[in-house]
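Any value given below was found using the heavy atoms of this structure, including those in side chains, with hydrogens, waters and symmetry copies removed. Bear in mind the structure is a predicted one, so any value in this text is a computation, not a measurement.
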Amino acid sequence: MATNGQGAADDREPTPVPAGGQGAADAPADGPATGPDTTGSPAKGREARVSRRKLFGLGAAGAAVLGTGAVAARSLLDEPPRAHASSTSDPFPFYGEHQAGIVTPAQDRLHFVSFDVTTDKRAELMELLQEWTAAAARLTQGKEAGSFGAVGGAPEAAPDDTGEALGLPASGLTLTVGFGASLFDERFGLAGKRPAALADLPNFPGEQLIPEISGGDLCVQACAHDPQVAVHAIRNLARIGFGKVSVRWSQLGFGRTSSTSRSQTTPRNLMGFKDGTNNLKLEDSDLLRDQLWASAEDGSAWMAGGSYLVTRKIRMTIETWDRTSLAEQEQIFGRDKGEGAPLGKKAEFDPLDFAAKGPDGQPYIKADAHVRLAHPSSHGNAHLLRRGYNFVDGSDGLGRLDAGLFFIAYQRDPRKQFVPVQMSLARTDPLNEYIKHVSSALFACPPGVRDAGDYWGRTLFET
């Protein structure tokens with residue numbers, strides 16, 4: 001079920017589970033590989049100035065751009081990609097039509113980071129994205145960030161991997177990149193390519209946003225089953241970006257608060273309720289096409305196959321909630337706390353019936369219940385794909401837990417999906433008494449990396 005403004009993906013009717021695996025988002029793209037594309041590459045013509053160490057550190061994507069040949073480009077992955085990781089230790093495929101980490105079955109841990117770009121040179125930004133892509137292709141397969149790794153380089157040089165993940169498996173790591181609205185200014189000549197769907201979010205009633213932990217030029221979402229693997233990935237991307245980007249804010253998360261595949265059980269949030277019961281799932285092929293993936297028909301051809309990411313850091317007043325009666329908690333959500341069933345029903349996946357009434361003649365699910373306010377039927381059938389995480393960031397000066405939900409949702413157009421749902425929740429949801437929105441961000445996540453000659457954001461810079 002949705003919690004704290006998660007939106008319409010929450011409580012639609014369940015659909016039959018189709019056979020099959022993870023789908024296009026994490027599988028290799030169909031059709032022939034496009035091959036290395038160096039059009040407009042900032043590295044072109046600079047081969048003589050690139051050191052041997054940097055050349056190898058770039059990995060496959062960088063090697064392809066620099067013209068070092070297909071053998072080096074294709075040697076990144078020792079094993080063929082699989083649609084599903086068979087265990088929490090195995091890797092997910094990196095290459096595909098869509099970025100991994102969106103419909104990928106949600107992992108247990110998160111390290112999310114927002115960056116400000118500190119260079120004003122378009123070529124340096126493109127080069128950074130190429131280097132990040134090469135490192136990400138390695139890291140997601142359980143390899144070190146650079147070819148020399150943590151201990152294989154010259155002793156007098158800094159290692160090209162920080163080393164804290166040595167000996168650890170891939171742990172289902174996915175890395176997903178996004179571009180904030182602030183990137184589309186005059187620094188890089190991108191103002192004319194800002195998608196209409198990347199419009200600034202409105203001010204929602206009751207939010208108390210902290211600018212220092214909101215927004216950003218770039219974001220990277222690292223999800224994994226091992227927190228050290230996720231932190232290692234972000235740390236190494238930040239290291240590679242030194243001098244070109246700086247960390248604006250970051251967030252650690254644990255315990256996914258929704259399921260993105262029907263192969264997963266429904267988790268609970270820090271309020272103790274099952275969360276994401278009827279979230280949009282990777283098996284929902286038709287809904288994914290209509291509600292999740294951007295299309296060239298939407299007006300920005302470079303975003304075709306991408307998606308729009310909204311994040312909200314939502315602090316819960318845990319202590320006040322813990323003193324609220326069980327009956328009131330269940331009425332606020334519109335579901336029972338034990339099974340997660342809609343009020344008036346017995347099982348978690350029983351369909352919601354907003355017309356059903358109790359013995360007192362009143363609806364089981366009140367007019368302002370969270371599940372009713374967030375339901376697609378209240379918002380023109382708008383759905384979201386949510387993959388948020390719990391967080392606990394210590395305690396404040398009064399000894400109260402600084403805890404809550406780091407809400408993450410992907411969609412085709414936030415103006416038609418997240419915004420109307422959140423506006424409804426912000427105005428009338430009784431849950432607002434127990435929560436506070438303190439951070440907000442919106443990013444355009446480009447399509448996936450098709451092969452070793454491609455890189456994150458190529459379609460933005462070269463189309």
Visitor: Does the side chain of Thr317 come within less than 4.5 Å of Ile435's, by heavy atoms?
Guide: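 Ile435 vs Thr317: side chains apart.
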
Visitor: Measuring from atom OG of Ser285 to atom CG of Asp290, what distance do you get when rounded to the nearest 0.5 angstrom?
Guide: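 CG of Asp290 is found 11.0 Å from OG of Ser285.
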
Visitor: Looking only at the side chains, is there a donor atom on one of Lys357 and Gln362 sitting less than 3.5 Å from an acceptor on the other?
Guide: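 The answer is no; no qualifying pair exists.
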
Visitor: First locate atom OG of Ser182, then atom CZ of Arg194, and finally report the distance between them rounded to the nearest 0.5 Å.
Guide: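 Rounded to the nearest 0.5 Å, the OG-CZ separation comes to 8.5 Å.
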
Visitor: Kindly indicate, with the supporting measurements, whether the criterion salt bridge (Lys or Arg N to Asp or Glu O under 4.0 Å) is fulfilled by Lys274 and Glu339.
Guide: CA-CA 8 Å; Lys274 288 189 175 182; Glu339 295 296 324; 5.0 Å; no

Visitor: Is any side-chain heavy atom of Leu252 closer than 4.5 Å to a side-chain heavy atom of Phe406?
Guide: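 Leu252 vs Phe406: side chains apart.
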
Visitor: Hey, does Leu183 have a side-chain heavy atom less than 4.5 Å from the side chain of Phe188?
Guide: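 In short, these two side chains touch, coming nearer than 4.5 Å.
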
Visitor: Under a 4.0 Å N-O cut-off, is there an ion pair linking Glu127 with Lys244?
Guide: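 Judged by the 4.0 Å cut-off on N to carboxylate O distance, Glu127 and Lys244 do form a salt bridge.
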
Visitor: Taking all atoms of both residues into account, what is the closest heavy-atom pair of Ala233 and Leu175, and its distance?
Guide: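 Scanning both residues completely, I find the closest heavy atoms to be CB-CD2, 3.9 Å.
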
Visitor: Taking the six-membered ring where the residue is Trp, are the ring centres of Phe443 and Phe179 under 6.0 Å apart?
Guide: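 Distance test on ring centres: not under 6.0 Å, no.
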
Visitor: If only atom types and distance count, is the side chain of Asn390 paired as donor or acceptor with the main-chain N or O of Gly255 below 3.5 Å?
Guide: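 Such a contact is found between Asn390 side chain and Gly255 backbone.
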
Visitor: Can you find a heavy atom in the side chain of Val103 that is under 4.5 Å from one in the side chain of Trp293?
Guide: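 Touching, per the 4.5 Å side-chain cut-off.
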
Visitor: Minimum heavy-atom separation for Ala296 and Ala304, please, with both atom names.
Guide: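 Ala296 and Ala304 have their closest heavy atoms at N-CB, 3.7 Å.
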
Visitor: Check Arg335 with Asp275, please: is the shortest side-chain N to carboxylate O separation under 4.0 Å?
Guide: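 Looking at Asp275 and Arg335, the cut-off is not met.
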
Visitor: Would Asp454 and Arg458 count as a salt bridge (Lys or Arg N to Asp or Glu O under 4.0 Å) if you check the C-alpha gap in whole Å, the side-chain angles of each, and the deciding distance to 0.1 Å?
Guide: CA-CA 7 Å; Asp454 199 1; Arg458 179 189 57 80; 2.7 Å; yes

Visitor: Passes side chain to side chain donor-acceptor pair (under 3.5 Å), Tyr455 versus Glu462? Steps please.
Guide: CA-CA 11 Å; Tyr455 65 91; Glu462 299 181 4; 3.1 Å; yes

Visitor: Say you draw a straight line from CG of Leu288 to CZ of Arg412; how long is it, rounded to the nearest 0.5 Å?
Guide: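 Rounded to the nearest 0.5 Å, the CG-CZ separation comes to 12.0 Å.
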
Visitor: Just by modelled atom types, is the Arg386 backbone N or O under 3.5 Å from a matching donor or acceptor in the Ser258 side chain?
Guide: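 Flag set: sc Ser258 to bb Arg386 pair under 3.5 Å.
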
Visitor: Which pair of non-hydrogen atoms, one from Leu209 and one from Ser439, has the smallest distance, and what is that distance?
Guide: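 Closest heavy-atom pair between Leu209 and Ser439: CD2-N, 3.7 Å.
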
Visitor: Of all the heavy-atom pairs spanning Gln107 and Tyr389, show the shortest one and how long it is.
Guide: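 Minimum heavy-atom separation between Gln107 and Tyr389: O-OH, 2.9 Å.
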
Visitor: Counting only N and O atoms by type, is there a donor-acceptor contact under 3.5 Å from the side chain of Glu433 to the main-chain atoms of Pro430?
Guide: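 Answer holds: no.
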
Visitor: Return the CD to CG distance between Gln141 and Asp90, rounded to the nearest 0.5 Å.
Guide: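 So the gap between those two atoms works out to 10.0 Å.
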
Visitor: Taking the six-membered ring for Trp, are Phe461 and Trp302 ring centroids under 6.0 Å apart?
Guide: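 Aromatic pair excluded; centres sit 6.0 Å or further apart.
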
Visitor: Using the ring centroid of each side chain, check whether Phe407 and His437 are separated by less than 6.0 Å.
Guide: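 No - the distance between ring centres of Phe407 and His437 does not fall below the 6.0 Å cut-off.
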
Visitor: Treating Lys193 as the side-chain partner and Leu460 as the backbone partner, does any N or O pair qualify as donor plus acceptor under 3.5 Å?
Guide: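 Checked: pair present.
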
Visitor: Evaluate the ring pair (Phe, Tyr, Trp, His ring centres under 6.0 Å) criterion for residues Trp132 and Phe115: first the C-alpha distance (whole Å), next the side-chain angles of each, then the deciding distance (0.1 Å), finally the verdict.
Guide: CA-CA 13 Å; Trp132 271 5; Phe115 293 94; 5.2 Å; yes

Visitor: Does Lys337, at its NZ atom, have more than 12 non-hydrogen atoms belonging to other residues, nucleotides or ligands within less than 6.0 Å?
Guide: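 Above 12, so yes.
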
Visitor: Any chance you could measure Gln417, atom CD, to Asn381, atom CG, to the nearest 0.5 Å?
Guide: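 It is 10.0 Å, given to the nearest 0.5 Å.
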
Visitor: Between the side chain of His98 and the main-chain N/O of Gly96, is any donor-acceptor distance below 3.5 Å?
Guide: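 Judged by distance alone, no pair lies under 3.5 Å.
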
Visitor: Does either side chain, that of Ser395 or that of Asp402, offer a donor lying less than 3.5 Å from an acceptor on the other one?
Guide: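 There is no such pair (donor and acceptor under 3.5 Å, judged by atom type) between the side chains of Ser395 and Asp402.
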
Visitor: Using the side-chain contact (heavy atoms from CB on, under 4.5 Å) rule, take Arg187 and Asp217 through it: C-alpha gap first, then chi angles, then the decisive distance, then the call.
Guide: CA-CA 12 Å; Arg187 289 175 294 171; Asp217 291 335; 3.3 Å; yes

Visitor: Hey, is the main chain of Leu425 close enough, under 3.5 Å, to the side chain of Asn432 for a donor-acceptor pair?
Guide: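 Yes; at least one donor-acceptor contact below 3.5 Å.
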
Visitor: Determine whether a donor-acceptor pair (N or O, by modelled atom type, separation under 3.5 Å) exists between the side chain of Ser307 and the backbone of Gln411.
Guide: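 Yes, because the side chain of Ser307 sits within donor-acceptor range (under 3.5 Å) of the backbone of Gln411.
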
Visitor: Considering non-hydrogen atoms only, spot the tightest contact between Thr260 and Glu283 and give its length.
Guide: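 Answer, listing the atom of Thr260 first, then Glu283: O-OE1, 4.5 Å.
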
Visitor: Please confirm whether Phe333 and Trp321 have ring centers closer than 6.0 angstrom.
Guide: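 Aromatic pair counts; centres sit under 6.0 Å.
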
Visitor: Checking side-chain polar atoms at under 3.5 Å, does Thr119 have a donor or acceptor matched by the opposite partner on Glu124?
Guide: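 The criterion, which ignores hydrogens and geometry beyond distance, is satisfied for Glu124 and Thr119.
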
Visitor: Which heavy atom in Ala369 sits nearest to a heavy atom in Gln331, and how many Å separate them?
Guide: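 Ala369 and Gln331 have their closest heavy atoms at CB-O, 3.7 Å.
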
Visitor: Can you confirm whether Phe418 sits close enough to Leu442 that some side-chain heavy atom of one is under 4.5 Å from a side-chain heavy atom of the other?
Guide: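 Contact flag for Phe418/Leu442 side chains = no.
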
Visitor: Any salt bridge between Asp368 and Arg427, counting N to O under 4.0 Å?
Guide: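 Looking at Arg427 together with Asp368, the answer is no, because their closest N to O distance does not fall below 4.0 Å.
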
Visitor: Within the side chain of Ser214, is there an N or O that forms a donor-acceptor pair under 3.5 Å with the backbone of Ile210?
Guide: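 It does hold such a pair.
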
Visitor: Testing the 3.5 Å rule here: is there a donor-acceptor pair between the side chains of Ser440 and Glu207?
Guide: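 No.
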
Visitor: Could you give all pairs that pass the salt bridge (Lys or Arg N to Asp or Glu O under 4.0 Å) test and reach residues 318-332, with sequence neighbours left out?
Guide: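 Listed by first then second residue: nothing to list.
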
Visitor: Taking side chain as C-beta onward, heavy atoms only, is Leu309 less than 4.5 Å from Phe112?
Guide: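 Answer yes - side chains close enough.
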
Visitor: Would you indicate whether Asp396, at its atom CG, is surrounded by more than 12 heavy atoms from other residues, nucleotides or ligands within a distance under 6.0 Å?
Guide: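 More than 12 within 6.0 Å, yes.
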
Visitor: Would you sort out whether Gln329 and Phe273 count as a side-chain contact (heavy atoms from CB on, under 4.5 Å), showing the intermediate values?
Guide: CA-CA 9 Å; Gln329 289 182 0; Phe273 279 77; 3.8 Å; yes

Visitor: When you compare the side chain of Leu139 with that of His232, does any pair of heavy atoms fall below 4.5 Å?
Guide: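 Contact flag for His232/Leu139 side chains = yes.
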
Visitor: In terms of side-chain geometry, is the basic nitrogen of Asp284 or Arg262 positioned less than 4.0 Å from the acidic oxygen of its partner?
Guide: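 Salt bridge present between Asp284 and Arg262.
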
Visitor: Between the main-chain N or O of Gly101 and the side-chain N or O of Gln221, is there a donor-acceptor pair closer than 3.5 Å?
Guide: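 A pair under 3.5 Å: yes.
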
Visitor: Side chains of Glu348 and Thr277: any donor to acceptor distance under 3.5 Å?
Guide: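 Looking only at side-chain atoms, Glu348 and Thr277 do form a donor-acceptor pair, the distance falling under 3.5 Å.
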
Visitor: Side chain of Ser89, backbone of Ser171: donor and acceptor closer than 3.5 Å?
Guide: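 No: the side chain of Ser89 does not pair with the backbone of Ser171.
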
Visitor: Would Leu352 and Tyr364 satisfy side-chain contact (heavy atoms from CB on, under 4.5 Å), going step by step from the backbone distance to the final call?
Guide: CA-CA 10 Å; Leu352 288 155; Tyr364 280 111; over 6 Å; no

Visitor: CG of Leu385 to CD1 of Ile102: how many Å apart, nearest 0.5 Å?
Guide: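 With rounding to 0.5 Å, CG (Leu385) is 8.5 Å from CD1 (Ile102).
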
Visitor: Determine whether more than 12 heavy atoms belonging to other residues, nucleotides or ligands lie under 6.0 Å from atom NZ of Lys366.
Guide: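 It does not: Lys366 NZ has 12 such atoms or fewer within range.
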
Visitor: Kindly indicate whether the side chain of Tyr434, heavy atoms from C-beta on, has any atom under 4.5 Å from the side chain of Thr324.
Guide: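 Answer yes - side chains close enough.
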
Visitor: For Thr140 and Thr174: C-alpha separation, side-chain torsions, deciding distance, then whether side-chain contact (heavy atoms from CB on, under 4.5 Å) applies.
Guide: CA-CA 6 Å; Thr140 57; Thr174 56; 5.5 Å; no

